Structures are given as structure tokens and as C-alpha cells.
Amino acid sequence: MKTIFKIMTIAALISLSACDYLDVVPDNIATIDNAFSNRNQAEKYLYSCYSYRPPIGHIDHDPAMFGGDEVWQYYPTAVAANRIYNGTQIARGLQNSNSPWANYWNGENNNGKSLWRGIRDCNIFLENIDKVMDITDYEKTRWVAEAKFLKAYYHYFLFKCYGPIPIVDVNLPISASVDEVKAYREPVDKVVEYISNLVLEVVPDLPASGQILEGTEAGRIDKLAALGMRAEMLVFAASPLFNGNTDYANTPLDKRTGEPLFNQTYDANKWKVAADACKELIDLCNAQGKSLYRRIHNRTVAAPAELQLQTVYRNAVTDRWNEELLWGGTNYDCAQLTKTAHARIMRMAVGNIASVTSEYCPTLKTAEAYYSSNGVPIEEDNQWSQNGWYTNRYSVRDEPSSGTPEIYYVKEGQKTAYLHYNREPRFYASIGFDRGIYYGSGYYDFPGNVKHCESFNLEYSGINLGSQFSWTGYSAKKMHSFEVSVETNSVMLMPNGYYPFPILRLADVYLMYAEALNEYAGPSDEVYSYLDLIRDRAGLEGVVDSWKKYSTRPTKPETQDGLREIIHQERTIELALEGKRFWDVRRWKKISELNDQPRGWNIYGETREDYYRVIEVARVPVNFTVRDYFWPIKESDIITNKNLVQNYGW
């Protein structure tokens with residue numbers, strides 16, 4: 001009888017570790033037949049296929065959270081003195097081929113699992129599900145579709161990390177020769193076609209979103225999640241990193257043909273294919289009752305409209321299984337993210353300081369990316385230019401805030417930098433800053449008991465004992481529920497503090513659709529309409545009107561290049577701190593933007609004059625090049641399997 005361990009693993013195909021595929025196990029070890037002896041056992045095996053999902057949104061295991069330029073984690077001179085997250089090591093430029101960070105290829109050094117093993121287990125499931133006798137036809141059809149989707153998704157995630165990858169549609173038999181198990185990397189277009197076709201094959205057999213039982217099935221794949229992954233993958237494939245990328249004309253090459261694994265000729269039609277996939281998904285979302293989140297929470301009905309608008313935007317991310325969420329991560333809880341994103345909004349007992357750390361702290365670059373209150377970039381806002389606000393943005397405004405609407409954003413009678421005034425609602429919903437109002441977290445009576453940040457050295461929102469604090473002076477207010485309750489001696493997450501991290505939400509799809517349409521055919525009313533849906537929810541005027549009225553570049557939305565710039569910034573703002581920019585910077589071939597040295601306020605300052613000095617927060621300057629678009633394959637895997645070729649620069 002074949003055992004689970006006798007089935008050829010894809011890890012063996014890649015690393016060719018003899019102990020992986022020549023193990024002989026005793027007869028009393030679980031066998032494939034045992035795993036598929038009945039419905040319950042088979043369902044457990046399906047869940048094991050789910051268990052390989054990359055933990056999107058996990059601050060340690062998801063490289064996109066700390067690995068880009070949106071946030072920056074403090075790290076001491078002695079690394080052992082503090083917990084350094086995996087993404088931070090990538091952000092610091094410490095990726096390497098000897099022991100890669102976020103190593104989804106073979107599972108080492110990322111506190112996760114090899115996605116090739118996940119693909120292997122999906123194939124085992126598909127090969128054996130017909131053995132199960134006590135299962136309904138509906139269940140079997142659905143489970144097969146889920147396993148095939150997971151296989152497609154794991155290929156896609158590896159594709160994002162490594163570019164051209166092997167395609168493993170079936171497991172090799174135990175009789176396969178040594179040469180057969182040495183896999184080749186496949187060209188980009190072939191990988192994309194394989195993933196796309198596999199998703200389209202399974203969508204008819206997946207349930208609609210409304211058929212998923214939240215209590216027992218939340219997080220399992222439905223039609224919207226599957227089509228959403230395909231749409232995102234096609235947008236990636238149409239983007240400059242994969243579409244006509246001549247940077248990789250000489251390496252990596254297909255070892256069988258000597259041809260580049262990246263197509264060398266730009267194909268505009270790929271954007272049309274991506275746009276069509278996005279539109280198909282949008283139409284299905286409309287049919288299944290999905291929409292942008294706009295509900296006013298019952299806790300905020302008595303709050304001013306300005307504060308309601310902030311909580312609506314935050315709830316689009318943190319309200320569990322809401323109408324905007326298309327795909328939510330469930331393979332971890334968000335307690336650690338909440339702790340590392342929240343600002344201390346009061347003096348906490350010494351023993352509880354570590355329960356709120358603000359380590360997931362936005363950089364000054366992130367704070368500056370948000371629009372002005374007029375809905376245009378602050379550097380091109382007429383009002384900011386005429387009043388000298390942009391030139392003086394790092395200076396403290398002389399007069400205290402007073403009157404409407406400033407009292408909803410900055411503590412009345414306090415002073416902060418010009419940068420923190422006259423900004424769009426998403427800035428105030430997303431970013432905690434010195435002297436800024438922190439609505440929620442147990443304090444909903446404005447202005448009676450609402451808290452604010454005080455971020456100077458030794459103040460309760462600043463450096464306050466220990467080594468866990470905001471290294472930039474900002475906190476990621478957006479990434480925790482406003483219903484989290486913070487007290488002097490506790491942080492309460494339940495019942496409404498936990499939420500499934502948004503792998504994909506409808507606003508993201510609207511922005512992908514607008515981007516794909518613009519790249520294929522340039523500006524149009526339809527592109528504007530989908531951007532304006534996002535902006536309207538954020539309390540802003542439409543793109544065309546905003547630029548005509550308020551920008552020094554009033555015709556910017558009328559050209560493809562100008563509208564591209566707007567769309568890129570709109571994605572950076574709307575999806576800020578959700579791990580999207582990490583991948584967007586790569587697919588747009590803008591890796592050089594990561595060389596803008598991360599900056600923040602002088603958090604050691606104990607006075608306004610000292611605190612409001614902009615400093616670089618990286619101890620060692622960061623430096624990224626074209627090689628950093630993709631992960632290295634571990635060098636030992638390259639040595640073992642001569643058919644593999646290393647990614648450029650590694």
C-alpha cells in the first residue's frame with residue numbers, strides 16, 4: 001500500500017533531497033487509503049490543503065506588511081534585543097540566496113510552509129477523492145473545485161515571488177527517474193495561461209458568496225474569490241514587470257530552448273484581457289449583492305459627520321465579512337496586527353505597555369502620499385502652494401486648532417505640523433499622529449471623552465519604556481477596528497476586534513479595472529466613473545473636477561500618463577497599509593522608489609522644536625536594484641537541480 005510519504009513531493013522535485021522521496025515508513029503509519037477512507041477523513045485532508053495558504057496580513061509571515069516603504073520597524077543595533085519581523089529584513093535589503101527571507105519555495109526561514117508541498121497535497125487530494133464512498137456528488141464536485149483553486153493560487157503566489165516557475169499539474173509516480181524529478185521553470189505566458197485556465201475550469205463548481213456559511217465555512221473559496229484571484233493575476237501579467245520586460249532578456253533563460261522566460265515584446269491586449277476579467281468580476285459582484293462599504297455604525301450615529309466618514313472607511317477593512325470584502329484571510333487572527341498598529345492613547349500601566357506597541361508605523365512618505373482636503377496631491381494643490389503650507393509642511397503651525405472642521409482631526413488647543421492639517425478624510429481615518437484625535441477604541445463621546453495622541457519622548461504615545469514603539473512618530477489607525485477597547489491596564493479585542501484580513505475587497509477591483517482600461521485605451525468616462533466611486537466614498541469630488549479646480553496640473557487626468565500617475569497614487573492611498581503597495585511597486589517596475597530613505601519625526605525630541613525635525617529612520621541606508629523584483633531561489637536548490645536557473649542578480 002502506498003503511503004503518503006511515498007508519493008513524490010514537489011519539494012523533492014525542486015530540492016531533490018533523497019530523504020523526502022525514498023523514505024520507507026512502517027505499516028502502522030497513516031496511508032493514502034486511510035486519508036480517503038470516509039468523508040470526514042477526506043474533509044480533513046482538504047483542510048490540510050488550505051493550511052498552506054500564505055498568511056496574508058500577518059505582520060511577521062507576510063513579507064508585504066513590513067517589506068516595503070509604507071512602514072518601518074525599529075530595530076536595535078543588536079538584533080537579538082528585539083523581535084525583527086521577516087518583512088523588515090527584506091525592507092532593509094537583507095534578502096539573500098543562502099537563506100532567503102519569506103522562502104515560500106522550500107519553506108525554510110519564513111515560519112511558513114513550502115507552497116510546492118501545498119501543491120503536492122492538492123494533487124494527492126485530487127488523485128484520491130474518488131475513493132470516498134460516503135460523500136454526496138455536490139460535496140465532491142465542490143471540494144475538487146476548491147483543491148484545484150488552491151493549486152492555482154499557490155502557483156500564482158509563487159509566480160508573484162519568483163516570476164517564471166515550474167508548473168506541477170500532477171504528481172510524478174514513485175517510479176520517476178532522477179532526471180524526471182528535476183523540474184524546469186516555464187515561460188511567464190505559459191504560467192499565466194495555466195493558472196487562468198485552471199481557475200475558469202473550477203468557477204462553475206464553486207458556491208456563490210451568499211452560499212458560504214459564516215459560522216462554519218467562512219474563508220473557504222467561492223466564485224468571487226476565485227475570479228478575483230484570476231483578475232489580479234491577469235493585471236500582474238499585463239504590468240511592466242511581466243509584459244515586455246527587456247531587463248530579463250539574458251537571464252533567466254529557458255534551459256531547454258535558450259529563450260528568455262520573460263516575453264520581450266509589449267502586448268497592449270494583455271491589459272484588455274485583464275480589464276475584461278475585472279469587469280466580469282464586477283458584474284458578478286453586483287449580481288451577488290457586493291458593494292462599497294458605506295454603512296454608518298450604530299456606535300457613531302451621534303458623532304459628527306466628519307468622524308462618521310472616518311469610521312465608514314475603516315470599517316471597509318475591519319468590519320467582519322462585510323459587503324465589500326470578496327476574499328478574507330482566516331488562517332490567523334489579527335490580534336498581533338491590532339497590537340502593533342494601535343497607538344497608545346493614554347498612560348498605560350508599566351506591565352501593559354507591550355500590549356500596544358505602534359511598531360507597524362507608517363513612514364513620513366506614507367503620510368505625505370494622502371491627498372489634500374481638495375482631493376489632489378499636496379505638492380500640486382493650489383491652496384497649499386498659495387498659503388505656503390507645502391513649503392512649511394514640516395513646521396509647527398503657530399495658531400492652535402479651533403473651530404470646524406479642525407477640532408475633529410487635531411486636539412483643540414494643541415499644535416502640530418502643517419502636514420497634518422487640511423488633509424483628506426482617509427488620512428485622518430488611517431494615520432495616528434502627534435496631537436491627532438483618535439476616535440474610537442472605547443471612547444465615542446466627542447468631544448467629551450475622545451482621546452488623542454501625544455508622541456513626544458516619554459509621552460504616552462511616544463517612547464515609553466521598552467523597545468517596542470513607533471519609530472516614525474505615526475501609527476496605523478486604519479489597521480485595527482475602532483471598536484477595540486483600550487484601557488490603562490488592558491486591550492480588549494472581543495467581540496468586535498477580530499476581522500478577516502482583506503486579501504481582496506471591491507475597491508481594489510475597481511482600481512484594477514480603471515488601471516487596465518487606462519493602460520489599454522487611455523482616459524475615458526468609464527475610467528473616471530470607477531475612480532470617482534472610490535473618491536465619493538472617501539468624501540472627495542471626482543477626478544476631473546478636483547484637478548480642474550484645485551491642481552497646478554489641471555489637465556493631468558486627460559492624458560494616459562497623467563491618469564496613470566493618478567491611479568497609482570489612488571491605489572497607494574485607498575489600499576495603504578494593506579500590503580498591496582509592496583506588490584504594486586514591483587509590478588509597476590518602480591523598485592527605485594524603495595530607495596527613498598525611510599523618514600519620520602525625531603521621536604527622541606521632548607519639545608516641539610526637537611520632535612518636529614525630519615530624520616532618516618533606517619540605521620543603514622537601503623539600496624534596491626533590478627534584482628529585488630523577485631526572490632532568489634535558495635542556492636542549495638539551484639545546485640541540486642541543474643535544470644533550475646537562478647533569478648537575475650542572485
Side-chain angles (χ1 to χ4, degrees), residues 10-11 13-15 52-56 58 60-69 84-119 153-168 183-188 191-192 195 232-233 236-237 239 241-242 245 247-248 251-253 261-262 579-592 594 622-641 643-650:
I10 187 57
L13 303 185
I14 306 304
S15 65
Y52 292 92
R53 288 173 301 164
I56 306 300
H58 194 290
D60 194 9
H61 303 165
D62 181 357
M65 297 300 283
F66 266 110
D69 60 354
I84 305 300
Y85 297 116
N86 285 332
T88 300
Q89 308 290 23
I90 294 175
R92 294 168 63 194
L94 299 181
Q95 185 61 283
N96 65 94
S97 58
N98 290 326
S99 184
W101 295 102
N103 184 358
Y104 287 99
W105 192 276
N106 64 24
E108 297 176 6
N109 202 33
N110 77 327
N111 299 320
K113 300 178 181 179
S114 163
L115 294 185
W116 295 118
R117 295 192 185 103
I119 293 168
Y153 176 49
Y154 297 154
H155 276 90
Y156 168 51
F157 199 88
L158 288 163
F159 173 69
K160 286 203 299 182
C161 293
Y162 300 97
I165 57 170
I167 294 174
V168 183
Y184 288 91
R185 301 177 74 171
E186 300 291 348
V188 163
V191 175
V192 170
I195 297 169
E232 182 184 277
M233 187 267 299
F236 263 81
S239 298
L241 183 60
F242 293 105
N245 187 349
D247 288 344
Y248 300 122
T251 185
L253 300 176
L261 290 170
F262 287 79
K580 297 292 184 176
R581 179 169 165 80
F582 178 86
W583 299 109
D584 282 345
V585 163
R586 285 163 170 77
R587 70 178 179 87
W588 292 332
K589 287 187 67 178
K590 290 184 175 183
I591 200 77
S592 61
L594 302 185
V622 296
N623 181 34
F624 290 89
T625 67
V626 66
R627 77 171 190 172
D628 294 292
Y629 285 116
F630 295 107
W631 272 238
I633 300 171
K634 189 174 181 180
E635 192 62 30
S636 59
D637 291 338
I638 297 292
I639 293 172
T640 302
N641 182 355
N643 289 341
L644 290 178
V645 58
Q646 183 61 279
N647 274 328
Y648 174 85
W650 298 104

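Here the structure is a predicted model, which means the values were calculated and not measured.
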By side-chain contact (heavy atoms from CB on, under 4.5 Å) - contacts of [X] (at least two apart):
X      : result
Asn647 : Tyr162, Arg185, Pro252, Phe630, Trp650
Ile167 : His155, Glu186, Lys190, Val191, Tyr194
Ala91  : Trp72
Ile591 : Arg586, Leu594, Phe624, Asp628, Tyr629

Using the test ring pair (Phe, Tyr, Trp, His ring centres under 6.0 Å), find all partners of [X] that sit at least two apart in sequence or belong to another chain.
X      : result
Tyr154 : none
Tyr52  : none
Phe159 : Phe242
Trp588 : His568

What's the separation between atom [atom1] in [X] and atom [atom2] in [Y], rounded to the nearest 0.5 Å?
X      : Y      : atom1 : atom2 : answer
Arg627 : Thr251 : CZ    : OG1   : 13.5 Å
Leu115 : Trp105 : CG    : CH2   : 10.5 Å
Glu232 : Tyr153 : CD    : OH    : 8.0 Å
Ile84  : Leu94  : CD1   : CG    : 10.0 Å
Phe157 : Ile119 : CZ    : CD1   : 12.0 Å

With sequence neighbours excluded, tell me which residues meet side chain to side chain donor-acceptor pair (under 3.5 Å) with Tyr184. Asn643

Please name all residues satisfying side chain to side chain donor-acceptor pair (under 3.5 Å) with Thr625, sequence neighbours left out, ordered by chain then number. none

With Asp584, which residues qualify under salt bridge (charged side-chain N to carboxylate O under 4.0 Å, His left out), at least two apart? Arg571, Arg587

Taking all atoms of both residues into account, what is the closest heavy-atom pair of [X] and [Y], and its distance?
X      : Y      : result
Ile90  : Phe582 : CG2-CE1, 4.4 Å
Glu108 : Asn103 : O-CB, 2.9 Å
Pro166 : Trp116 : O-CH2, 3.3 Å
Val645 : Ile638 : C-CD1, 4.0 Å
Cys161 : Tyr104 : SG-CD1, 4.4 Å
Ala183 : Leu644 : O-CD2, 3.7 Å

Sidechain-backbone polar pair: [X] side chain, [Y] backbone, donor-acceptor under 3.5 Å:
X      : Y      : value
Gln95  : Trp101 : yes
Asn641 : Asp637 : no
Asp60  : His58  : no

Does atom OH of Tyr648 have more than 12 heavy-atom neighbours from other groups under 6.0 Å away? no

Residue among Arg581, Arg92, Lys590 satisfying salt bridge (Lys or Arg N to Asp or Glu O under 4.0 Å) with Asp69: Arg581

Between Met233 and Lys160, is there a side-chain heavy-atom distance shorter than 4.5 Å? no

Could you verify whether a donor N or O on one side chain and an acceptor N or O on the other, from Lys634 and Asn106, lie under 3.5 Å apart? no

